[in-house]
Structures are given as C-alpha cells and as structure tokens.
Amino acid sequence: MTSLGLFALVLALATLTGLFNARILRLPLTIGVLLLSLVVSVGLSVADWVLPLHTVHALQTLLTQIDLPTTLMEGALAFLLFAGAQGVDLGALFARKFSVLALALLGTLLAVVVFAAGAWGIFTLVGLNVPLAWCVVLGAILAPTDPVSVVGMLRRLGLPAQVQALFAGESLFNDGVGVVIFTVALEVAHHAHPVCALRLAEAFTTEVGGGLLVGLVGGWLARKAFALSQDPQLDLLISLTLCTGTYSLCTAWGLSGPIATVTAGLCMAAPATQRRITEQGRKNLHVFWELVDEVLNAMLFALIGFQVLALSFSRALVVAAALAIPLAIIARLLSVLLATLPVYLRGQDRMGVLAVLTWGGLRGGISISLALGLPESPMRAPLLAVCYCVVVFTILVQGLTIAPVVRKFHPS
C-alpha cells in the first residue's frame with residue numbers, strides 16, 4: 001500500500017471512531033478514539049481466535065507498514081509539540097519557570113530512577129529475568145508525560161493559570177528530556193557499554209542545550225521573517241518552516257528535536273513575535289495549528305488503540321503489567337513531590353497541585369513509539385507489554401477521572 005493509502009486508511013479509522021464517539025459515547029475525542037480502537041482490536045482478536053480468518057495477521061502486517069515510531073518521532077511529533085507550545089500562557093510559564101525546569105529535568109530523572117528500581121523488583125517477583133539496565137530503559141520510556149494528552153486536557157478543565165503553566169511547560173519539555181535519557185540508557189543496555197557519569201552528563205547537556213539553542217535561533221529568524229512579510233499565506237509558510245526545520249536540523253545533528261521544536265513554538269507565541277504578524281495572519285495561524293493538533297491527535301490515538309494487535313502476553317507479563325500501573329503512579333507522585341518541593345512558592349495549595357499533577361501525568365504516543373522502536377532482543381516483549389498497559393491505563397482511567405480530581409482540589 002502506498003504512503004497516501006496508509007494515511008487515508010488511518011484517517012478513515014480515526015474519522016469513523018470519532019463519529020461513533022461523538023454520537024454515542026460523547027467522551028473527549030482522543031480518549032473516545034483510543035477506547036473504540038482498543039475495543040475493535042480486542043474484538044478482532046477474539047473473532048480470529050474463534051473463527052480463524054487471518055484478519056489479525058493482515059492488520060499486524062499493516063501496522064508494520066505504518067511504522068508508528070518513525071511516523072511519530074520523525075513526523076507528527078514536531079507538529080504536535082509546535083502546536084501545543086503556541087497554546088501556552090507565556091506569562092504564567094515564566095512566572096513558574098523554576099518549577100517547570102525542576103519538573104522537566106529533575107522530575108523526569110527521578111521518575112526514571114524510581115520506576116526502574118520498582119520494575120526490576122516486579123520482574124524478579126514474577127520470574128522474568130529483566131536486567132536493571134533494561135528497567136532503566138523502561139523507566140525512561142514511561143517517565144515523560146505526553147503533551148498530546150495533557151495540553152489538550154488543560155483546555156477543557158479550567159485550571160488556574162499557574163497550574164496550567166506547570167502542566168503545559170513540563171509536558172512539553174519533559175518528553176524531550178525523556179527521549180535523551182532513553183537514547184543514552186538504551187545504548188548502555190543494548191550494547192552493554194560501561195556507565196560513565198561524565199559521558200552521560202556530556203551527552204545529556206549537548207542534546208538538550210543544543211536543542212534549546214537551535215530553537216532559539218530558529219525563533220529569532222522566524223521573527224525577522226514575519227517582520228518582512230505582510231502576507232497571511234506567507235506567515236503560514238514561515239511557521240511550517242520553523243516547525244519542520246528546527247526538528248529536522250536537530251535530528252541530523254544528533255540534538256534534541258523535541259526540545260528545539262517546543263522552544264521554537266514558544267518563541268513564535270511570544271508577544272514580540274506576534275506583534276510582527278498581521279491580524280489576519282494571526283487568525284489563520286491559530287486556526288491552522290489548532291486543526292493540525294486535533295487531526296493528528298485523533299489519528300495517533302487510533303493507531304495506539306490498534307497497536308494491541310502487535311503485542312503478545314503471558315501470565316507473568318499480565319501480572320507484571322498490573323503491578324507496574326500503581327508503580328507508575330507512585331513514581332509520578334514521588335518525582336513531582338521531590339522535584340517541586342524545594343522550588344514551589346510559599347502560600348500555594350501544594351497538596352492540590354501535587355494531586356492534580358500526579359493524576360494528570362498521562363502517558364501516550366511518545367512512550368508507545370519509544371517502546372515500539374526498541375531493537376529486537378529478548379527484552380523487547382516484556383518492556384513493550386508493560387509500557388502499553390501503563391499508557392492505556394493512564395489515558396482511559398486517569399484521563400477520564402482527572403476532571404473530578406480538578407474539581408475537588410481546584411473548585412471553580
């Protein structure tokens with residue numbers, strides 16, 4: 001099947017599940033699409049088991065053709081992060097910059113360590129031999145919260161601006177940090193390289209710092225280009241160039257593309273840049289990037305739902321996945337608590353913020369893509385199965401119950 005045919009098929013699946021959700025379930029679009037895709041996948045698996053028609057095998061082949069890791073990490077992610085960055089309240093973000101940095105950097109590192117230690121104990125308990133180094137890889141896969149899930153959720157909940165800034169800032173930056181940690185941890189685990197703290201710190205600083213620099217330079221160049229343009233269509237081309245150019249350059253140079261794209265998106269959302277765009281251009285850009293965000297979200301979550309067809313579970317893996325779900329929540333709680341406690345401003349409702357940040361720490365497409373991108377090895381199956389179960393739980397259960405948590409701790 002051609003690339004256009006695959007794109008049309010995924011778009012059709014997202015459309016059909018979205019229509020059913022809009023008419024029957026009335027859940028948030030991405031959650032409804034994921035749930036329906038998951039139900040269809042399980043139904044096809046059961047039907048294929050009862051009356052073998054090789055449908056599941058055909059769909060597995062199709063999923064291999066789509067190649068979700070490449071589709072997201074080298075395509076959709078740049079657009080999703082760029083669109084999400086433009087919806088952030090920059091004033092509130094900079095007012096909470098130390099908390100955001102603590103969550104994105106220290107919080108992500110803590111989440112990796114806590115989850116890796118717990119996962120190693122769980123695998124040992126159920127009789128699966130997964131070395132600690134691979135548990136660190138799994139921790140890096142599940143540490144970042146997903147901006148696709150979180151930023152969209154913020155628009156509907158009416159959270160205080162300060163909490164929204166913490167949520168959005170962390171979710172947009174910590175995925176880049178998580179990808180960097182994943183890359184380094186995978187190299188250590190897969191190639192059995194000795195761990196060198198200096199080398200790890202150097203790689204981390206280079207990728208994150210380089211991504212920030214490329215994003216800032218790209219944002220500055222785009223600001224100059226907007227000042228020269230008085231054409232709304234040209235404004236749109238400039239924004240597309242900024243989004244795709246920063247991500248592609250960083251990918252080619254071995255830097256963090258997600259960090260660069262988020263930084264570039266924030267630069268474009270800055271008042272100094274917006275003043276250089278025509279009024280019609282600002283309207284067009286807002287509508288365009290909002291549509292990009294919604295369409296790609298729906299397609300991505302449809303793909304995540306159908307990825308269950310590519311997994312295999314044993315009894316030990318089911319137990320491990322069930323135990324990993326509360327572990328993921330505990331790791332999120334401890335990472336948020338320990339990262340923000342030293343820097344969060346006095347007088348704030350710390351318990352309420354902690355509860356919302358913990359329960360709202362959804363995982364999504366980035367985690368699934370990292371797991372699917374693992375190299376073929378005996379460790380791939382258990383890591384992928386645990387990752388998928390944690391992601392689905394956070395999206396369906398935490399995503400559907402975050403609103404009552406917000407109302408309890410932040411009543412309007």
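Because the structure is a prediction, the values reported are computed rather than measured.
Heavy atoms only, all atoms of each residue included: Thr206 and Leu255 are closest at O-CD2, 3.5 Å. A pairwise comparison of heavy atoms in Cys387 and Leu138 identifies CB-CD1, 4.3 Å as the closest pair. For the residue pair Val390 and Ala328, the shortest heavy atom distance occurs at CG1-CB, 3.8 Å. Taking every heavy atom of both residues into account, Thr17 and Ala14 meet most closely at OG1-O, 3.1 Å. Of all heavy-atom pairs between Ala270 and Leu90, the closest is CA-CD1, 3.3 Å. Nearest heavy-atom pair across Gly305 and Val308 is O-CG1, 3.5 Å.
Sorted by first then second residue, the salt bridge (charged side-chain N to carboxylate O under 4.0 Å, His left out) pairs that include residues 160-171, not counting sequence neighbours, are Glu170-Arg332. Counting only residues at least two apart or in different chains, side chain to side chain donor-acceptor pair (under 3.5 Å) contacts with residues 111-126 are absent.
By the 4.5 Å heavy-atom criterion applied to side chains, Ile238 and Phe226 are counted as neighbours. At least one side-chain heavy atom of Leu240 sits under 4.5 Å from a side-chain heavy atom of Trp289. No side-chain heavy atom of Val179 sits less than 4.5 Å from a side-chain heavy atom of Ser256. Side-chain contact between Val292 and Leu296: present, with at least one pair of heavy atoms (C-beta onward) separated by less than 4.5 Å. Looking at Met379 and Pro131, their side chains come closer than 4.5 Å, going by heavy atoms from C-beta outward. Side-chain contact between Leu374 and Leu186: present, with at least one pair of heavy atoms (C-beta onward) separated by less than 4.5 Å. At least one side-chain heavy atom of Pro258 sits under 4.5 Å from a side-chain heavy atom of Tyr247. The closest side-chain heavy-atom distance from Val392 to Val397 is not below 4.5 Å.
Put simply, the side chain of Ser171 never gets that close to the backbone of Thr145: no donor and acceptor are under 3.5 Å apart. With Lys97 contributing its side chain and Phe94 its backbone, the two residues share a donor-acceptor pair below 3.5 Å. Side-chain atoms of Gln230 never come within 3.5 Å of backbone atoms of Thr278 as a donor-acceptor pair (strictly under, hydrogens ignored). At least one donor-acceptor pair under 3.5 Å links the side chain of Asn297 to the backbone N or O of Asp293. No donor-acceptor pair under 3.5 Å is formed between the side chain of Ser37 and the backbone N or O of Phe306. When atom types are taken as modelled, the side chain of Glu294 and the backbone of Glu290 share no donor-acceptor pair closer than 3.5 angstrom. Looking only at distances, no side-chain donor or acceptor of Thr261 sits under 3.5 Å from a matching main-chain atom of Leu81. A donor-acceptor pair under 3.5 Å is absent between the side-chain atoms of Arg276 and the main chain of Ala225, judged by distance alone. Of the possible polar contacts, none joining the Thr358 side chain to the Ala355 backbone as a donor-acceptor pair under 3.5 Å is found. Tyr388 contributes a side-chain N or O that, together with a main-chain N or O of Ile304, makes up a donor-acceptor pair within less than 3.5 Å.
To the nearest 0.5 Å, atoms NE2 (His286) and CD1 (Ile277) are separated by 13.0 Å. The CZ atom of Arg363 lies 13.0 Å from the CG atom of Asp175; values are rounded to the nearest 0.5 Å. The OG atom of Ser239 sits 7.0 Å away from atom CD of Gln86, with the distance rounded to the nearest 0.5 Å. Leu372 contributes atom CG, which lies 10.0 Å from atom CG of Leu303 (distance to the nearest 0.5 angstrom). Atom CG of Asn21 and atom CG of Leu16 lie 12.5 Å apart (nearest 0.5 Å). For the atom pair CD1 of Ile366 and CG of Leu300, the computed distance is 9.0 Å after rounding to the nearest 0.5 Å.
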Practice item. Assess whether side-chain contact (heavy atoms from CB on, under 4.5 Å) is satisfied between Phe82 and Thr246, documenting all intermediate values. Key: CA-CA 10 Å; Phe82 193 81; Thr246 52; 5.8 Å; no
Check your understanding: How far apart are the C-alpha atoms of Leu105 and Leu109, what are their side-chain angles, what is the distance that settles it, and do they pass the side-chain contact (heavy atoms from CB on, under 4.5 Å) test?
Key -> CA-CA 6 Å; Leu105 295 174; Leu109 288 168; 5.6 Å; no
Point to revise | Verdict with reasoning, Phe115 to Ser335, per side-chain contact (heavy atoms from CB on, under 4.5 Å) | key: CA-CA 10 Å; Phe115 189 89; Ser335 65; over 6 Å; no
Review point. Can you list the steps and then say if Val336 with Leu103 is a side-chain contact (heavy atoms from CB on, under 4.5 Å)?
Key: CA-CA 6 Å; Val336 170; Leu103 283 169; 4.1 Å; yes
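The aromatic rings of Phe393 and Trp359 stand perpendicular to each other, their planes meeting at an angle above 60°, with 30° marking the opposite boundary.
Using modelled atom types and a 3.5 Å distance limit, the side chains of Thr273 and Arg223 yield a donor-acceptor pair.
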